[in-house]
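Everything numeric in this text was worked out from a predicted model, so none of it was measured. Note on naming: letters A, B, ... go to the chains in the order of the sequence lines (proteins, then strands), and numbering restarts at 1 for each one.
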Amino acid sequence: MLDRKFIVENAESVKQNCVHRGVAVDVDRFVELEARRKAMQAEVEELNRQANQVSKSIGQAKDQAERDQRKEEGRRLREQTNEHRAELDAVAAELDALHRSIPNMSHPDAPIGADDQANLELFLGKTPQPQFDFQPLDHVDLAEKLDLVDFDGGARVAGHGFYFLRNDMVLLELALQRYALEVLMAEGFTPMTTPDLARNEILEGIGFIPRGPETQIYSIDNTDLSLVATAEITLGGLYAGQTVDADELPIKLCGISHCFRTEAGAHGRATRGLYRVHQFTKVEMFAYTLPEESDAMLDHLRDLECRLFDGLGVPYRVVDTATGDLGGPAYRKFDLEAWMPGRGEYGEITSTSNCTDYQARRLNIRYKVKGEKGTQFLHTLNGTAIAISRAAIAVLENYQQADGSIVVPEVLRPFVGKERIVAAK
RNA sequence: GGAUGGGUGGCCGAGUGGACUAAGGCGGCAGUCUUGAAAACUGCUGUGCGGGAAACUGCACCGGGGGUUCGAAUCCCUCCCCAUCCGCCA
């Protein structure tokens, strides 16, 4: 959420930003309601003040008659307060719904545009696109020939979009996680494995919508829990309601979780194989920072993503995400898109966002400077280290050989324990 | 899943309807004393929102939400969490 006062004082730029982001929300209505809310709040507080005064005087009343008379007065005040409060609650509810639908402001350098067509390519990774002297296969064919993924089995057990990893693919998945942790731990990230379920209020605080027709979230029946779509949810929820000392910042976490997505409405579009699935494993980076340090932290997270994929020897490009493609919470977002020879195009493999204080405000996460009065909302950032299924696609397709085998990227060899994945005889 | 006991400020902890304006302690800050430090002593020390140039002041907050009452940390309902025991289990 944005600060209410900020919206009122900067209504025009908030409106302009909503246009850039393609979000239809009545900012004028918000400003109007906020003014009403403030006035009604003042009325209720005044009535409370009077009621408090009356209540106190009853305890000190001299005789029963006076007491009864004051009680009657208190009762009357309470009724009056309740009426005003009901009005206030109605206004506050409408205000809150509007408030939640207003997206974060956008970084001045974020490219302005309606969708990913307007994304700006910034630079390429260190690894050039591989030149094959044979027709490269896509990861589905490669996986089948090498017996690495069982899509049919996944479909029988859990439905389309689920799969079993098999044989060296299992080692590859673990190796990718281990490799990511190795790099991130050296950079001061605390490694964590996180719950795969979270409370809906946490999902909402991060910016996910757990229910409704548009939801991408699996929810657990008869509970207020949902399967997480990313460890961003659990790592960001970790400090919900907490106030941390400023000198503990930045807090850098990396979490391994399973990620579950219903991918409602995504059928027919790039659904082949591992690219868009209902479950995958991901190592996620998450950072809590001081406000003035979040821009630099976003660059840091992006650089780490580049390092991870340069290290893997996967060709990629870095993209500055357009305003219309940022989603609600992000102030700025960079994506890495890996070259996928089987698809013959780039596909998104990581995404890192600076959410400034947008999530922190919703989740009520603050910091306090020692010796100073008051607390402030801190900034939150997230970034994919390795999303296994898509990283695996990039590795399989870029490292495929004429003989059908897959060369294991050098950095993964200590963890996979072999240099090459070949068909079992 | 069942039973019992709990959740109070940065921390510990007292508080079962009206002086709670939350005792006391620890920690922190400032001061006195001291060459300096420690100790001792004295004072101050929560958060959010609003009003005010400021001093100051109003409202809310004792796990979350709701209720009873003129008045709730305290009573009732509900949810969450923690501890211990039982059951089940990797």
With A:R390 as the cation and A:F280 as the aromatic partner, state whether NZ or CZ is under 6.0 Å from the six-membered ring centre and within 45° of the axis. no
Do nucleotides 74-81 of chain B as a string where each nucleotide becomes B, S or -: B if the base has a protein heavy atom under 4.0 Å, S if just the sugar-phosphate does, - if no protein is that close. ------SS
Would you indicate which nucleotide in [options] comes nearest to any side-chain atom of [X]?
X      : options             : answer
A:N48  : B:G18, B:C59, B:U69 : B:C59
A:I58  : B:G50, B:G71, B:G18 : B:G18
A:K38  : B:G51, B:C70, B:C49 : B:G51
A:N52  : B:U69, B:C59, B:G50 : B:C59
A:K368 : B:G50, B:A60, B:U47 : B:U47
A:R366 : B:U69, B:G48, B:G58 : B:G48

Does any donor atom in the side chain of A:Q50 or A:E45 lie under 3.5 Å from an acceptor atom in the other side chain?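 No pair is found: no donor N or O on one side chain lies under 3.5 Å from an acceptor on the other.
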Quick check on [N]: is either OP1 or OP2 less than 4.0 Å from any side-chain nitrogen or oxygen of [X]?
X      : N     : result
A:R75  : B:C70 : yes
A:T375 : B:G48 : yes
A:R70  : B:C70 : no

Side chains of A:Y275 and A:E348, heavy atoms from C-beta outward: is any pair under 4.5 Å? yes
Could you label the plane-to-plane angle of the A:F189 and A:H300 rings as parallel, tilted or perpendicular, counting under 30° as parallel and over 60° as perpendicular?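 Geometry flag for A:H300 against A:F189: parallel rings.
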Return the minimal non-hydrogen interatomic distance between A:N354 and A:T356, and the atom names on each side.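 Reported closest heavy-atom pair: OD1-N, 2.9 Å.
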Considering all heavy atoms, the nearest A:S226-A:I217 contact: CB-CG2, 3.4 Å
What is the pairing partner of [N], taking Watson-Crick or G-U wobble pairs with both distances under 3.5 Å in any strand?
N     : value
B:G58 : B:C49
B:G1  : B:C86
B:G18 : B:C70
B:A37 : none

Expressed in whole Å, how much space separates the C1' atoms belonging to B:G46 and B:U21? 14 Å
Separation of the C1' atoms in B:U8 and B:A22, to the nearest angstrom: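 Here B:U8 and B:A22 have their C1' atoms 8 Å from each other.
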N/O-N/O pairs, protein side and nucleotides 6-10 of chain B side, under 3.5 Å:
none

Whether the side chain of A:N398 engages the backbone of A:V314 through a donor-acceptor N/O pair (distance < 3.5 Å, no angle test) should be reported.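 Flag not set: sc A:N398 to bb A:V314 has no pair under 3.5 Å.
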Without decimals, in angstroms, what is the distance between [X] [atom1] and [N] [atom2]?
X      : N     : atom1 : atom2 : answer
A:E79  : B:C70 : CD    : C1'   : 11 Å
A:F377 : B:U47 : CZ    : C1'   : 11 Å
A:E72  : B:C70 : CD    : P     : 9 Å
A:R78  : B:U69 : CZ    : P     : 5 Å
A:N364 : B:G46 : CG    : P     : 19 Å

Does the ring centre of A:H99 sit less than 6.0 Å away from the ring centre of A:F30? yes
Verdict with reasoning, A:E284 to A:S257, per side-chain hydrogen bond (donor to acceptor under 3.5 Å, both in side chains): CA-CA 8 Å; A:E284 177 80 357; A:S257 81; over 6 Å; no
Would A:R261 and A:E263 pass as an ion pair if we require N to O under 4.0 Å?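 Answer for the salt bridge query: no.
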